[in-house]
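Reviewing the structure listed below.
Sequence positions, counted from 1, serve as the residue numbers for this chain.
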Amino acid sequence: MDVGDALERAGYNTYKAKTVGPISQSALRRIKNEDSGITLKTLNDICNILDLQPKDILEFVRDDADDEKIKNLKK
């Protein structure tokens with residue numbers, strides 16, 4: 001799901017972010033650049049704006065680094 005595009009279609013743009021909130025312009029920029037570094041508050045705000053659940057937006061993908069971390073934790 002392209003969250004930035006969905007927010008735009010819902011009428012949420014950088015002007016609205018600057019004047020109304022609740023998502024800041026910098027957070028909106030990160031979302032549009034597909035940067036995963038957003039806060040849980042921002043995720044909550046996105047879900048409220050788009051009337052979605054986090055599972056509708058997020059996808060967990062395990063990689064080799066994750067497997068290695070888990071392996072080290074079990075030692």
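- Annotation for Asn33: atom CG counts as buried by contact number, over 12 foreign heavy atoms lying within 6.0 Å.
- Within the 4.5 Å cutoff, the side chain of Leu43 has heavy atoms near those of the Leu58 side chain.
- Between Ile46 and Ile38, some side-chain heavy-atom pair lies under the 4.5 Å cut-off.
- Here the CG atom belonging to Asp66 is positioned 10.5 Å from the CD atom belonging to Glu68, to the nearest 0.5 angstrom.
- Between Ile49 and Pro22 there is a side-chain heavy-atom pair separated by less than 4.5 Å.
- Counting non-hydrogen atoms of neighbouring residues, nucleotides and ligands closer than 6.0 angstrom, the CG atom of Leu40 reaches no more than 12 such neighbours.
- Taking the side chain as every heavy atom from C-beta outward, Leu28 and Asn13 never approach each other to under 4.5 Å.
- Here the shortest heavy-atom pairing between Gly4 and Ile31 reads N-CG2, 3.7 Å.
- Judged as a salt bridge (charged side-chain N to carboxylate O under 4.0 Å, His left out), the pairs with a partner in residues 54-65 (not counting sequence neighbours) are, in order, Arg62-Asp67.
- Of all heavy-atom pairs spanning Pro54 and Cys47, the tightest one is N-SG, 3.6 Å.
- For residues 2-26, the pairs satisfying salt bridge (charged side-chain N to carboxylate O under 4.0 Å, His left out) are Asp5-Arg9, Glu8-Lys32, with sequence neighbours left out.
- Qualifying salt bridge (Lys or Arg N to Asp or Glu O under 4.0 Å) partners for Lys69, counting only residues two or more places apart in sequence or in other chains: none.
- Side-chain N or O atoms of Tyr12 include one that pairs as donor or acceptor with a backbone N or O of Gly21 at under 3.5 Å.
- In this structure, Ala17 and Ile23 approach most closely via the heavy-atom pair CB-O, 3.3 Å.
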